[in-house]
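What follows is one structure encoded as structure tokens, with my remarks underneath.
First the proteins, then the strands, lettered A, B, ... as listed; each starts at 1.
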Amino acid sequence: MNLNFINFICWKKVTTNMTLEAFLEKTFHFTRFHEGQKETIENLLRGKSTLSILPTGAGKSLCYQFPSYYQQTGQTVIVSPLISLMEDQVSLLRKNGEKSVVAINSLLEKRSKKYVMSRLNHYRFIFISPESLSQPEILSYFKELQIGLFVVDEAHCISQWGHDFRPSYLALKEIKAQLSHPLTLALTATATPEVKEDIYHQLFDVEEVAEVCQSVNRENIYYEVVETEDKLDYLETFLQDKKVPGIIYFSSKKEADRVSDWLNARLPYLVQSYHADMSNDDRIRIQEQFIHDDIRVLCATSAFGMGINKGNIRFVVHYHVPNSLENFVQESGRAGRDGKQSLSLVLYQPGDEQIHFFLQEQTYQEKQDLLFLENKSAVDRQTFLSAMTDSQKKWLNQIETSQEGWNGYKQTLTKKKRQQELNIFKMMDYCQTSACRREMIQHYFNEQSIKKQTICCDNCCHEQPDINSEPVEEKQQNNQLTSQEKLEKMFFLGI
DNA sequence: CGAATAATTTTTAGAAATTATTCGGTGCTCTAAT
């Protein structure tokens, strides 16, 4: 018996007469929309694919949840870059009473996966990674669905990761075509003109697109750059009197560990490092303790941050410069989500940017080396497989399954290299400029700077704002610990 | 490319100075051996 047939849900267009606001109140219990939400939703309801650039914390998930309930035209597929993000969204939706939600990823056991796939048309919201969705077998199930909305969350990943780190992001174009070009929503917090171009090219090739764009300006963040010989010393002084949570970003895992240990031995509160070498369990635990103010300061690499929902992060320090202004804005923007005065500090030493040139050159070489296989037959390529790096295998696979093939690969190869170099130079400009840093960020994102702020950046006013006014509740046991007690405490927390 | 560490030499019997070496970011998924 075909169970699929019996359980098939008919996604018939049901439009309510209610105003959007009334529906928002009734279904989501919010009294008003955040900026950008309504516009995005209106576009989607009109059947127009949309790129929405909304600042973090502006409620991006409402943008795809709302249309699903308001106008039931089909299922919603959400492409998400991280398993942890998917799981967060799923549990949030379940908490709000939505039962037909699922995340398809490697956490799903083989048997449950089989079950889920067999009744895929039951789910209102389906979360999936680009890697899973690229698999022909999985995609074939999605072809049978009635997709009302295709969402790409954190869409800047297309531009940032698609070309080297996670080539599956480049497959989304083909995937959309195979799903008969569903209505699409791309969501991100930051997008430079170049990133937008990438998103348009990889996601919106054939359709008309609306754009909803909110300012990148974060009025409550003070921007500062300090050039110092002794970063550790400066950092210690800076942190000494801070009674508020913060993140320190590093461009190497070892450094993050080293400085974390060093600070822990000197500061009267818990500091912890966070990077990709840690087990998943540790990462989840540390994240939770940070969110609950058990750990006050995190020493992290770029692995930390995406999807983090903590309002009271008061400062973000960059111990090393990031590799682009865009990443800098993403990372520093994690400060002050609650709207209260916060601070971004970059500790810059000329030469710090070299690691990024190095890493960039390394991946470029690896990509360049792959061109050797361009004119080889498929059989010949197999013989070289063992000599290839994992990345190269992925790139080759992407080339072979994409319409654009080698030509597309070659075209973007040098273009991307040039772009990334410019990104690093732009970041150096930010560090070295004597003009307003806030204005520079806005211009970089193609925005007009609106008005001068009283609390702006170190080039506009020299007074560091007070970010200490709302100290986190002193946890008795964390206050003034000896290093021995600290070790015990950390052991207790399972770090 | 450059910072941190390891290894060697220099200087004088443990330690300082010089030179050589190593390492460097982001995540998904699947598979095979315990």
B:dC28 and B:dA33, which share atom name C1', separated by this distance in whole Å: 22 Å
is_close_aromatic(A:F315, A:F238), centroid dist under 6.0 Å: yes
Nearest-Å distance for atom pair CD/P, residues A:Q354 and B:dA4: 15 Å
Closest listed nucleotide, where the reference is the side chain of A:L359 and the choices are B:dA4, B:dG24, B:dT26: B:dG24
Value in whole Å for how far the P atom of B:dG25 lies from NE2 of A:H163: 23 Å
Least distance between heavy atoms, A:N459 atom then A:T433 atom: ND2-O, 3.0 Å
Complementary nucleotide for B:dT31 - Watson-Crick or wobble, under 3.5 Å: none
Distance in angstrom units between A:E87 CD and B:dC28 P, rounded: 10 Å
Any protein N or O atoms within reach of nucleotides 20-23 of chain B? Criterion: under 3.5 Å, listing atom names and distances.
none

Pairwise C1' distance for B:dA16 and B:dT11, with rounding to whole Å: 9 Å
Distance test, side-chain N/O of A:R283 to OP1/OP2 of B:dT26, below 4.0 Å: no
Six-ring centre of A:Y444, A:K426 cation under 6.0 angstrom, axis tolerance 45°: no
Atom P, compared across B:dA20 and B:dT26: separation rounded to whole Å: 32 Å
Touch class at under 4.0 angstrom, heavy-atom based, for A:P81 against every strand present: sugar-phosphate
For the student: nearest non-hydrogen atoms of A:N217 and A:E447, plus distance: N-OE1, 4.3 Å
Separation of B:dT26 P from A:N280 CG (nearest whole Å): 13 Å
A:Y115 atom OH: more than 12 heavy-atom contacts under 6.0 Å: no
A:F328 and A:Y430 aromatic ring geometry - parallel, tilted or perpendicular at 30°/60° bounds: tilted
Row check, A:Y269 ring normal vs A:R296 NZ/CZ: under 6.0 Å, within 45°: yes
Closest to side chain of A:H275, choosing from B:dT26, B:dC30, B:dC28: B:dT26
Test: A:R258 cationic atom under 6.0 Å from A:W262 six-membered ring centre, within 45° of axis: no
side-chain N/O A:S251 vs B:dG25 OP1/OP2, d < 4.0 Å: no
Closest to side chain of A:N105, choosing from B:dT26, B:dT29, B:dC30: B:dT29
Short side-chain N/O contact from A:R166 to OP1 or OP2 of B:dT26, under 4.0 Å: no
Rounded interatomic separation in angstrom, taking CD1 from A:I424 and C1' from B:dC1: 12 Å
Greater than 12 external heavy atoms within 6.0 Å of A:Q365's CD: yes
Proximity to the side chain of A:I355 - top-ranked nucleotide from B:dT29, B:dG27, B:dG24: B:dG24
Opposite nucleotide pairing with B:dT12, Watson-Crick or G-U, both atom distances under 3.5 Å: none
The single option from A:Q160, A:K60, A:H156, A:E154 passing side-chain hydrogen bond (donor to acceptor under 3.5 Å, both in side chains) against A:T188: A:H156
Nearest-angstrom distance, P atom, B:dT18 to B:dT12: 13 Å
Side-chain donor or acceptor of A:R438 paired with backbone N/O of A:R218 under 3.5 Å: yes
Trace of the side chain to side chain contact (heavy atoms under 4.5 Å, CB included) decision for A:K416 with A:Y364: CA-CA 9 Å; A:K416 269 280 153 186; A:Y364 173 75; over 6 Å; no
Distance, C1' atom - from B:dG25 to B:dC30, rounded to whole angstrom: 23 Å
Side chain of A:T363 (C-beta onward), nearest among B:dT29, B:dG27, B:dG25: B:dG25
Closest to the A:K253 side chain, choosing from B:dG25, B:dG27, B:dT5: B:dG25
Distance between C1' atoms of B:dG14 and B:dT8 (Å, rounded): 16 Å
Phosphate-side-chain proximity, A:Q135 and B:dC30, N/O vs OP1/OP2 below 4.0 Å: yes
Rounded interatomic separation in angstrom, taking CD from A:E229 and C1' from B:dA3: 13 Å
Sugar-phosphate only, base, or nothing, as touched by A:N323 at under 4.0 Å among non-hydrogen atoms: base
DNA chain B contacts among residues 381-398 of chain A, heavy-atom distance under 4.0 Å: A:K394
A:L107 CG to B:dT29 C1', straight-line distance once rounded to whole Å: 11 Å
Pairing partner (Watson-Crick or G-U wobble, both distances under 3.5 angstrom) of B:dT18: B:dA7
Touch class at under 4.0 angstrom, heavy-atom based, for A:S80 against every strand present: nothing
Pair assignment for B:dC23, Watson-Crick or G-U wobble, requiring both distances under 3.5 Å: B:dG2
Separation of B:dC1 C1' from A:D352 CG (nearest whole Å): 12 Å
B:dA3 phosphate, OP1 or OP2, under 4.0 Å from A:S252 side-chain N/O: no
Closest to the A:A303 side chain, choosing from B:dT26, B:dC28, B:dG25: B:dT26
A:D352 (side chain) donor-acceptor with A:Q349 (main chain) under 3.5 angstrom: yes
Touch class at under 4.0 angstrom, heavy-atom based, for A:S168 against every strand present: nothing
Touch class at under 4.0 angstrom, heavy-atom based, for A:E361 against every strand present: nothing
